[in-house]
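See structure below.
The basis for the numbers below is simple: all heavy atoms, side chains too, and nothing from hydrogens, waters or symmetry mates. By convention here, the first residue in the shown sequence is residue 1. Given the structure is predicted, the values throughout are model-derived calculations rather than measurements.
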Amino acid sequence: MARLEPMALFSKPPAKKPAAAKATDKSAGTPPRVPVSARDVAAQAQAHGRRGNAERPRAEPATDLSMAAASLIEMTPARAPIEVGSSSPGLCAVVENAALLFASGQVPPARALLAEGVANDHDARSSALAWLCLFDLLQRQGDRVAFDDLALQYVVQFERSAPAWEERGATATGNVERGKATAGGYAVLTGKLTAATAPQIDGVRRSLDKGGPVRLDLAQVAGFDDAGARLLADTLAYARQRRVPITIQRGDKLQAALDILLRRGRDAGEGAWLLALEVLQFGRKQEAFDDRAIEYAVAFEQSPPSWEPPLEVSVPAPIDDTASALEAEAAPGDPLTWSGVMAGACAPATAAIAEHATREAVVVLDMAAVQRVDFVCAGALLNAINRVEAQRKTVQIVGATPIIRALLLLIGISPRHFVRKLP
């Protein structure tokens, strides 16, 4: 027994190297590992939230999304863990990955993935949600020919009517049937205001078109160029002309930036000057407006806008540092309205949900005017819903388009939160 060689039990032919043999055995008959799926991303995010300080997942999605978003998803310890996709009808690998691509702003790749999926992938072809997501992206890109062709295939596949094409100028953000028009809502602008901010601005205008009080939150505006300043100035002027009450919230940083920029005179750009004049109108600072209007006339050698302040609203000041200033005056049952691109932690928007829940048993979130929700904001919304439900209250989501709904389902929001129309 003393002469037995233990390693002889694991001896290998001399010609083979142990490390190489091990690698060969592992890979034999197994295709190379593809990038982590959308479901993996959401599951890892939720697992991270449950572990607290546990190590972050090392795998990253192929869409350049950062798993840092995982740290923003909280899980209530007393609640049962969420199994991603287990109760989310229509979700499949194609839909999940397309939703993540769209959430990161990659619309063409998301469209290509869905088109390939409904044509060749069994799960995607049998998922109505996959088809609806593709309809959604075709509508957003204005591709009527491809939309109509897909509609014919949809009728054959599901033996029911396909979604209708919505002409530009109608509500092109979704096919959810709207009930009676609701007044006002909450709109938020994020990032640097540029010409690319137009979809967000369109969402604000849709809120204005409802005719009721609108809260415009500027806390997440990171700056602006001349085109972006002009877009916002035109929107504020539009609100004044339509006599729609609008409150600018957390606009102090924007106002400070304008004051500094306008010291450069004409070089500041006409958009910045027009925006500064609009902000003064909404602040009802006529003396400062008159002085700046004269400076504008000298700098650009043309007549400035006239002093036409907007309608009064029932809040202490039009430019306010309190997120819930107007919300406290909202009529019971009014929905919260999100619009534009919802990116990042969206703290003011999710705080409004918590504030609304202090007075309402059912918090209705109208997302018909939302252009896109990113992965981080989706996690923040999940956290907000969990906190509201911990109070034995309910959140209902209305108007989310199919591709946005797919992301929210993927992140763990239950299908029961989505309703067809406003109550």
Mind checking whether D136 and I404 have side chains closer than 4.5 Å, heavy atoms only?
no
Can you find a pair of side-chain heavy atoms, one from T235 and one from I246, that are under 4.5 Å apart?
no
How about Q302: does its CD atom have over 12 heavy atoms from other parts shown lying under 6.0 Å from it?
yes
Just so I know, are the side chains of Q153 and W131 near enough to count as touching, which here means a heavy-atom distance under 4.5 Å?
yes
Regarding E360 and K393, does a basic nitrogen lie under 4.0 Å from an acidic carboxylate oxygen?
no
Less than 4.0 angstrom from a charged side-chain N to a carboxylate O is my criterion; do D149 and R144 meet it?
no
Distance from L100 atom CG to Q106 atom CD, nearest 0.5 Å?
10.0 Å
Under the side-chain contact (heavy atoms from CB on, under 4.5 Å) rule, what do L275 and R230 come out as? Steps first, then yes or no, please.
CA-CA 7 Å; L275 179 56; R230 190 182 294 271; over 6 Å; no
Would you mind checking if R416 and E389 are paired as a salt bridge, meaning a charged N to carboxylate O distance below 4.0 Å?
yes
Mind checking whether L134 and V118 have side chains closer than 4.5 Å, heavy atoms only?
yes
Is there side-chain contact between I397 and V419, with at least one heavy-atom pair below 4.5 Å?
no
Non-hydrogen side-chain atoms of F418 and V398 separated by less than 4.5 Å:
no
Salt-bridge criterion met for D121 and R125 (N-O under 4.0 Å)
no
Is there side-chain contact between V221 and K192, with at least one heavy-atom pair below 4.5 Å?
no
Taking the side chain as every heavy atom from C-beta outward, state whether K285 and V279 have any atom pair closer than 4.5 Å.
no
NZ/NE/NH1/NH2 to OD/OE distance under 4.0 Å, R359 and E355:
yes
side-chain contact (heavy atoms from CB on, under 4.5 Å) assessment of R266 paired with W273
CA-CA 9 Å; R266 186 185 181 93; W273 279 88; 5.8 Å; no
